[in-house]
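Below: the structure, in structure tokens.
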Amino acid sequence: MKVSIIGLGALGILYGHHLSTKMPPPDLRIVADGSRIARYRQQGIFSNSVPCRFTYMTPEEPVEPADLLIFAVKAPDLPEAISMVRGHVGPGTRIISLLNGITSEEIIGSELGTGGLVWCVAQGMDAVKSGNRLEYHNMGTLCIGDRISGNPSENTMWVAEFFRKMEIPHLVDPAMMRRMWGKFMLNVGVNQAVAVLGETYGDIQNEGHPRDLMIRAMREVIPLSEKEGTCLTEEDVQYWLEVIRPLNPLGKPSMRQDVEAGRPTEVDLFAGTVLELGRKHGLDTPVNRWLFGELKYRGENGKEN
């Protein structure tokens, strides 16, 4: 069994370290360019203070195709990541994406083919990455399924069985597009509200202005989902609010971490997508329009205020 991972952000480290404790080291390959690999080796990578023992490979190294390829990069880095892992893809390679949003599978499929693609949503984790160190309380769940609703495909069941053997919390969802849109709705609310008005998950788990902003941003996604054929409802809002309830209140979403570090955010992936779909369907989305402006300013100016 060969597994390749590209991206050592929060989820790349979380699942990469977990798999490294279950697999022989040569069978788990972390793909990165030479300069990143040198930095990883010099500084080390730590998950809950435990050093990660990874096998690194550059894109140029000859390699046996992966049985499972995992994308764990940020959205702006996806095109480069796809080009870097082409040598890891063969006829039997299954592919999953841990990226936020509702577009990464389409982008990956257009470049690498859809034959081995399994749709995936990562939910319920509270990982916080600072430099080369990851801390988390909740590992979360990987929800997998197919683009077309119904009985799961052979590839989906293969990935589910692999997760079972590796003791990775997971579930197979026969209505995967609805779940993906639901997670997108959650990200639109949680990530952006905490990035603009709060500091941690605790700010949106309790009543107050950040939680109110989060819910109003989420509700703007519902009519868009109706136009796009997934038809989210208020029940979906309540479901996802329950998902975030047990998160570590001192944890924070990646967008808040980006704001604090003065890095550009994934606002194009969240509010940007909402605004684009709003224009497409003639629907006004004022909350996300305001969030888009706020986060664009903070990302471009590298500051919070």
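With hydrogens and angles left out, the side-chain atoms of Arg245 and Tyr201 include no donor and acceptor closer than 3.5 Å. The closest side-chain donor-acceptor pair between Arg53 and Ser20, if any, does not fall under 3.5 angstrom. A donor atom on one side chain and an acceptor atom on the other are found under 3.5 Å apart for Gln238 and Glu234. Asp258 and Thr265 form no side-chain donor-acceptor contact under 3.5 Å, judged by distance and modelled atom types alone. Side-chain polar atoms of Glu228 and Thr230 form no donor-acceptor pair below 3.5 angstrom. Between the side chains of Asp33 and Ser35, at least one donor N or O sits under 3.5 Å from an acceptor N or O. Arg179 and Gln123 are linked by a side-chain donor-acceptor pair at a separation below 3.5 angstrom, with hydrogens and angles left out of the test. For the residue pair Asn187 and Gln192, no side-chain donor N or O sits within less than 3.5 Å of a side-chain acceptor on the partner. Between the side chains of His18 and Glu167, no donor N or O sits under 3.5 Å from an acceptor N or O.
Contact check for Val194 versus Thr200: no side-chain heavy atoms found under the 4.5 Å cut-off. Looking at Ile102 and Trp181, their side chains come closer than 4.5 Å, going by heavy atoms from C-beta outward.
When ring centroids are compared, Tyr40 and Phe54 stay outside the 6.0 Å threshold.
Shortest non-hydrogen contact noted between Val274 and Val188 is CG2-CG2, 3.9 Å.
Expressed to the nearest 0.5 Å, how far CD of Glu111 lies from CD1 of Ile82 amounts to 5.5 Å. Atom CG in Leu117 sits 7.0 Å away from atom OG1 in Thr114 (nearest 0.5 Å). Distance check: Leu186 CG to Ile204 CD1 gives 8.0 Å after rounding to the nearest 0.5 Å. With values rounded to the nearest 0.5 angstrom, Asn248 atom CG is found 14.0 Å from Met125 atom CE. From Phe162, atom CZ reaches atom NZ of Lys22 across 11.0 Å, with rounding to the nearest 0.5 Å. Leu224 contributes atom CG, which lies 5.5 Å from atom CG of Leu277 (distance to the nearest 0.5 angstrom).
In this structure a side-chain-to-backbone donor-acceptor pair under 3.5 Å is missing from Asn288 to Thr285. When atom types are taken as modelled, the side chain of Asp203 and the backbone of Glu199 share a donor-acceptor pair closer than 3.5 angstrom.
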Practice item. Before giving the answer on side chain to side chain contact (heavy atoms under 4.5 Å, CB included), spell out for Ile70 and Ser4 the whole-Å C-alpha distance, their side-chain angles and the decisive distance to 0.1 Å. Key: CA-CA 6 Å; Ile70 301 174; Ser4 298; over 6 Å; no
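Sparse packing is recorded around CD of Gln42, with 12 or fewer heavy atoms of other residues, nucleotides or ligands lying under 6.0 Å away. More than 12 heavy-atom neighbours from other residues, nucleotides or ligands sit within 6.0 angstrom of CD on Glu226. Taking a 6.0 Å sphere around CD of Glu106, one finds it holds more than 12 heavy atoms contributed by other residues, nucleotides or ligands.
Looking at Glu260 and Arg256, a side-chain N of the basic residue comes within less than 4.0 Å of a carboxylate O on the acidic one, giving a salt bridge.
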